[in-house]
Amino acid sequence: MDTAYIWLVLGIIIALVMLGVQFYSKRALTLKRIIGTTLLSLLVVTVGLGSIWASIGHSFFANQVASTIGWAPGSPFQQEVAFANLAFGVLGILCIWIRGNFWTATVIGVSIFLLGDAIGHISNILATGNYATGNAGAVLVLDILIPLLLIGLLVAYKILEERAVRSAIKSLERSL
């Protein structure tokens with residue numbers, strides 16, 4: 001397995017562990033809780049820690065990263081990408097403490113960034129035939145897969161949250 005998948009797989013494994021702990025502690029595992037726990041784990045681990053890891057690579061190993069992408073080393077784009085990754089890493093980790101629309105903003109921001117990366121990789125493939133592993137391999141797949149997964153989980157979570165609110169309101173109205 002390509003090492004680029006590590007942060008996604010780790011996010012899923014941690015979600016499963018967290019759900020296992022909740023199950024064995026006799027907490028009800030509703031669909032909303034399963035989706036929310038999975039989304040939180042992916043935000044913190046895959047987006048947060050994974051983006052910080054990418055930031056370290058673009059900052060301290062810029063020439064090696066550039067060569068895996070098939071680009072010339074020494075380009076100032078590396079530092080810009082490093083800071084963008086650091087920003088999304090911090091946002092992902094803050095999702096532990098800040099909930100609600102902060103999750104939505106984090107998903108929107110990181111999805112735009114990653115899908116934009118995917119467009120850049122595809123454009124580069126079409127223009128130059130650059131099939132370097134950091135341009136056309138797992139990185140490209142993840143630049144598309146992670147936003148789709150995050151957006152799907154977020155939409156499902158918001159729908160279930162809205163249903164729970166409507167159900168609580170109806171229950172309250174009936175009791176009046």
Side-chain angles (χ1 to χ4, degrees), residues 1-25 27-62 64-66 68-69 76-121 134 137-162 164:
M1 173 172 50
D2 192 306
T3 57
Y5 290 107
I6 287 173
W7 296 106
L8 176 59
V9 171
L10 192 57
I12 292 168
I13 289 170
I14 290 183
L16 292 172
V17 168
M18 290 168 52
L19 290 168
V21 167
Q22 290 177 28
F23 176 78
Y24 285 109
S25 67
R27 290 186 75 185
L29 282 183
T30 63
L31 184 58
K32 181 183 171 211
R33 179 164 294 164
I34 292 168
I35 290 171
T37 300
T38 304
L39 179 58
L40 178 60
S41 180
L42 291 177
L43 285 168
V44 173
V45 177
T46 305
V47 172
L49 298 177
S51 294
I52 289 172
W53 183 258
S55 177
I56 291 168
H58 283 288
S59 287
F60 301 108
F61 306 99
Q64 295 93 318
V65 170
T68 66
I69 300 172
F77 88 92
Q78 292 278 43
Q79 202 58 47
E80 293 174 13
V81 173
F83 281 115
N85 274 303
L86 180 60
F88 288 116
V90 169
L91 292 175
I93 290 171
L94 286 174
C95 287
I96 295 171
W97 299 283
I98 308 172
R99 307 285 172 120
N101 286 332
F102 188 82
W103 286 13
T104 303
T106 302
V107 168
I108 290 169
V110 78
S111 294
I112 290 169
F113 177 68
L114 292 175
L115 291 171
D117 281 353
I119 290 168
H121 291 305
V139 171
L140 175 58
V141 171
L142 292 171
D143 281 348
I144 297 167
L145 179 64
I146 289 172
L148 293 177
L149 188 57
L150 291 172
I151 292 166
L153 287 169
L154 181 66
V155 167
Y157 185 75
K158 292 289 187 178
I159 288 169
L160 292 170
E161 196 172 56
E162 177 67 27

Q: Using a 6.0 Å cut-off, check whether atom CZ of F77 has over 12 heavy atoms from anything other than its own residue.
A: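 Enclosed.
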Q: Please give me the minimum heavy-atom distance between I34 and L19, naming the atom from each residue.
A: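 Answer, listing the atom of I34 first, then L19: CA-CD2, 3.7 Å.
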Q: Can you check whether K158 reaches N101 side chain to side chain, under 4.5 Å on heavy atoms?
A: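 A side-chain contact exists here, since the closest heavy-atom pair is under 4.5 Å.
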Q: Between CG of N85 and CG of L114, what distance do you get to the nearest 0.5 Å?
A: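 The CG atom of L114 is 8.0 Å from CG of N85, to the nearest 0.5 Å.
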Q: Over all heavy atoms of both residues, which pair between I52 and G89 is shortest? Give the atoms and the distance, please.
A: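 Answer, listing the atom of I52 first, then G89: CG1-CA, 3.8 Å.
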Q: To the closest 0.5 Å, what do you measure between OG (S55) and CD (Q78)?
A: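 It comes to 11.0 Å.
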Q: Pairs of donor and acceptor atoms involving the side chains of residues 137-152, under 3.5 Å and at least two apart or interchain, shall be tabulated with distances.
A:
residue	atom	partner	partner atom	Å
D143	OD2	H121	NE2	3.3

Q: I want to check something: taking the side chain as every heavy atom from C-beta on, are L160 and T30 in contact at a cut-off of under 4.5 Å?
A: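 Counting from C-beta outward, L160 and T30 never come under 4.5 Å.
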Q: Rounded to the nearest 0.5 Å, how far apart are CG of L16 and OG1 of T37?
A: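 Rounded to the nearest 0.5 Å, the CG-OG1 separation comes out at 10.5 Å.
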Q: Are any side-chain N or O atoms of R27 and backbone N or O atoms of Y24, one a donor and one an acceptor, separated by less than 3.5 Å?
A: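 Here the side-chain-to-backbone pair does not exist.
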Q: Under 3.5 Å, is there a donor-acceptor pair between the side chain of W103 and the main chain of G92?
A: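 Looks like no, no N/O pair under 3.5 Å.
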Q: Could you check if a side-chain atom of V110 sits within less than 4.5 angstrom of a side-chain atom of L91, using non-hydrogen atoms only?
A: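 Of all side-chain heavy-atom pairs linking L91 with V110, none is under 4.5 Å.
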Q: Could you state the interatomic distance from CZ (F83) to CD (E80), rounded to the nearest 0.5 Å?
A: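 Atom-to-atom, F83:CZ and E80:CD are 10.0 Å apart.
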Q: Can you see which heavy atom on L43 is nearest to which on V47, and at what distance?
A: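 Reported closest heavy-atom pair: O-CB, 3.2 Å.
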Q: More than 12 heavy atoms of other residues, nucleotides or ligands under 6.0 Å from CZ of F102: is that the case?
A: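 Correct, the count exceeds 12.
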Q: Checking S25 side chain against Q22 main chain: does a donor-acceptor pair fall under 3.5 Å?
A: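 Yes, the answer is positive, given that a donor and an acceptor are paired below the 3.5 Å cut-off.
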Q: What pair of heavy atoms forms the shortest contact from T106 to C95, and how long is it?
A: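 Where T106 meets C95 most closely, the heavy atoms are OG1-SG, 3.7 Å.
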Q: By the side chain to side chain donor-acceptor pair (under 3.5 Å) test, which pairs, at least two apart or in different chains, include something from residues 40-52?
A: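 Checked against side chain to side chain donor-acceptor pair (under 3.5 Å) - neighbours excluded - no pair reaches residues 40-52.
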Q: Rounded to the nearest 0.5 Å, what's the gap from CD1 on I12 to CG on L42? Could you check?
A: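 Here the interatomic distance stands at 6.0 Å.
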Q: Just wondering, do H58 and L86 contact through their side chains at under 4.5 Å, heavy atoms?
A: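 Sidechains of H58 and L86: no contact.
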